[in-house]
Amino acid sequence: MEMGAHLYTAPDSCEGRCGEPFNEEDECHCHPGCEAEHNCCEDHERHCGPDGFSSSSGSISEQELLELSEQLYGLDHNKARPSDIALNPQHLAGPDETGDKQDRSPQPLYKYVNEELFSKPTYASFIKLLDNYQRATGREEEVTAEELREQERFLEEVMKTELMKKLFVFLQGKDRYSSEQEFLQDLNQMWFGLYSRGDGQRDSSGFEHVFSGEVKKGKVSGFHNWIRFYLLEKQGVLNYFSHNFDGPWDSYPDVLGLQFSWDGFYKEVGSAFIGCSPEFEFGLYTLCFLARPGRACHLSLGGHRLSVQTYPWTKATYGGGRRFIATAYVMSP
């Protein structure tokens, strides 16, 4: 099978999923007992039967996801130390309060961030990307040569980290990529490739949606990054309202589910890792998109479980059927 051809596994197919454990959240199944239970995906026999052409060597087990996510968590050397960030979460919103657009927290969320963090190469190259986007969907993104260089620079910097090298070695062992170069090129397409969320204009990319945020139909869409949040709050264009979830971690990265308004546009529940490096979030979302696109991806960080949800963009592909990232975010319970 050609390298990377089974990179994308559709949720309703067994391609690349043979032998993976039963998970009730899947819409159809590929575990060994699915035939007896009559809940296999339609193409189970074709891929996983005795003569099937998807070897299970490329599938990623639940156990592997739990182990690898713990390793990536341990390798986040650029994350914030506890003294680097002081949060002021204020009001804890109940389920009936998240949608009502009431600002129940008079103070900003961030009391203090040690901005020396932002001079680390992955942070500095990440922050340069944030001003490259038109926030409104339906507005064509003009990508300049300088912006392309900034994208390449960011990918180069994250690939220098131990965390992303570990992720690459894992994926290479699963026959997903034959070289770091191939991985880098695919990351570039998957995250920065443009597609249309609006009126046929190439107005969006996975990176823009997840990390920078967009406004669609009068609401904030995407926007799951703590650095972006902090910088906009500091500029006075983002107003923190409340939080509805605070993760169990007592150091960074932590997870918050929060409510906020960006220039008057509302986000009902914006979930975010707080205090992680850009490469941690970028790597974790990439892993989940490759291993469990369109499904919950179960991970373990510092002994605590959490899930990441990713969705592929279904209306356009690149490179012979590969999918762009539509969104990725950490799920707050």
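Below, each value reflects all heavy atoms present in this structure, side chains not excepted, and no hydrogens, waters or symmetry copies. Please read all numbers here as calculations on a predicted model, not as lab measurements.
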With distance as the sole criterion, is a donor-acceptor pair present between the side chains of [X] and [Y] under 3.5 Å?
X     : Y      : answer
Asp76 : Ser277 : yes
His77 : Glu162 : yes
Asn78 : Glu279 : yes

Apply disulfide (SG to SG under 2.5 Å) to residues Cys34 and Cys40 and explain how you reach the verdict.
CA-CA 5 Å; Cys34 71; Cys40 300; 1.9 Å; yes
(request) Determine, step by step, whether Met190 and Leu290 satisfy the side-chain contact (heavy atoms from CB on, under 4.5 Å) criterion, reporting the C-alpha distance in whole Å, the side-chain angles of both residues, the deciding distance to 0.1 Å, and the verdict. (result) CA-CA 10 Å; Met190 180 193 312; Leu290 295 175; 4.0 Å; yes
- request: Decide ring pair (Phe, Tyr, Trp, His ring centres under 6.0 Å) for Phe229 and Phe260; before the verdict, give the C-alpha distance in whole Å, the side-chain angles of both, and the deciding distance to 0.1 Å.
  value: CA-CA 10 Å; Phe229 190 104; Phe260 62 91; 5.2 Å; yes
Is it the case that over 12 heavy atoms from other parts of the model lie below 6.0 angstrom from the [atom1] atom of [X]?
X      : atom1 : result
Arg135 : CZ    : yes
Asp96  : CG    : yes
Glu42  : CD    : no

In short, disulfide (SG to SG under 2.5 Å) pairs touching residues 181-294 with sequence neighbours left out are Cys288-Cys297
Donor-acceptor pair, distance only, cut-off 3.5 Å: does the side chain of [X] make one with the backbone of [Y]?
X      : Y      : answer
Arg197 : Ala326 : yes
Gln90  : Ser242 : no
Glu182 : Ser178 : yes
Gln201 : Arg139 : no
Asn225 : Arg228 : yes
Glu147 : Thr144 : yes
Gln189 : Phe324 : no
Glu214 : Glu208 : no
Asn114 : Asp84  : no
Glu152 : Glu150 : no

Sorted by chain and number, sequence neighbours left out, ring pair (Phe, Tyr, Trp, His ring centres under 6.0 Å) with Trp191 holds for Phe211, Phe282
Exactly one of Cys48, Cys41, Cys30 clears disulfide bond (SG atoms under 2.5 Å apart) with Cys14, and that residue is Cys30
Across all chains, not counting sequence neighbours, the side chain to side chain contact (heavy atoms under 4.5 Å, CB included) partners of Gln63 are Ser61, Leu66, Glu67
NZ/NE/NH1/NH2 to OD/OE distance under 4.0 Å, [X] and [Y]:
X      : Y      : result
Lys128 : Glu157 : no
Lys165 : Glu180 : yes
Asp26  : Arg17  : yes
Glu62  : Arg292 : yes

Report the relative orientation of the aromatic rings in [X] and [Y]; use parallel for angles under 30°, tilted for 30 to 60°, perpendicular for over 60°.
X      : Y      : value
Tyr240 : His243 : parallel
Phe22  : His31  : perpendicular
Tyr285 : Phe273 : tilted
Tyr195 : Trp313 : parallel
Tyr110 : Tyr230 : perpendicular
Tyr311 : Tyr329 : tilted

Checking Trp262, Phe265, Tyr266 against Phe223 for ring pair (Phe, Tyr, Trp, His ring centres under 6.0 Å), the one that qualifies is Trp262
Flag yes if [X] and [Y] sit in one hydrophobic cluster, no otherwise; membership is Ile, Leu, Val, Met, Phe, Trp, Tyr, and two members link when side-chain heavy atoms are under 4.5 Å apart.
X      : Y      : result
Val210 : Leu194 : no
Leu148 : Leu129 : no
Val308 : Val269 : no
Leu231 : Leu117 : yes
Leu238 : Tyr112 : no

request  = Go through the steps to decide whether Arg104 and Glu97 satisfy the test salt bridge (Lys or Arg N to Asp or Glu O under 4.0 Å), and finish with yes or no.
outcome  = CA-CA 10 Å; Arg104 295 183 164 88; Glu97 292 178 330; 3.5 Å; yes
Next on the checklist: Could you check whether Lys79 makes a cation-pi contact with Tyr73, meaning its NZ or CZ is under 6.0 Å from the centre of the six-membered ring and within 45° of the ring axis?
Outcome noted: yes
Would you say the side chain of [Y] lies within less than 4.5 Å of the side chain of [X], judging by non-hydrogen atoms?
X      : Y      : answer
Val169 : Met164 : no
Leu68  : Glu64  : no
Leu167 : Leu287 : yes
Leu301 : Ser69  : yes

For a salt bridge (Lys or Arg N to Asp or Glu O under 4.0 Å) check, start with the C-alpha distance between Glu115 and Lys234, then their side-chain angles and the critical distance, and finish with the verdict. CA-CA 12 Å; Glu115 294 195 9; Lys234 188 180 160 189; 2.7 Å; yes
What is the distance from atom [atom1] of [X] to atom [atom2] of [Y], rounded to the nearest 0.5 Å?
X      : Y      : atom1 : atom2 : result
Glu140 : Ser196 : CD    : OG    : 8.5 Å
Thr98  : Lys267 : OG1   : NZ    : 12.0 Å
Asn244 : His91  : CG    : NE2   : 10.0 Å

Heavy atoms of Leu92 and Phe245 approach each other most closely as CD1-N, 4.3 Å
Checklist entry - Passes side chain to side chain donor-acceptor pair (under 3.5 Å), Glu281 versus His224? Steps please. => result CA-CA 10 Å; Glu281 217 172 341; His224 299 283; over 6 Å; no
Could you walk me through whether Ser13 and Asp43 pass the side chain to side chain donor-acceptor pair (under 3.5 Å) test, one step at a time?
CA-CA 6 Å; Ser13 165; Asp43 61 4; 2.7 Å; yes
Exactly one of Asp254, Leu87, Leu258 clears side-chain contact (heavy atoms from CB on, under 4.5 Å) with Asp246, and that residue is Asp254
Could you walk me through whether Ser204 and His209 pass the side chain to side chain donor-acceptor pair (under 3.5 Å) test, one step at a time?
CA-CA 7 Å; Ser204 189; His209 180 83; 5.2 Å; no
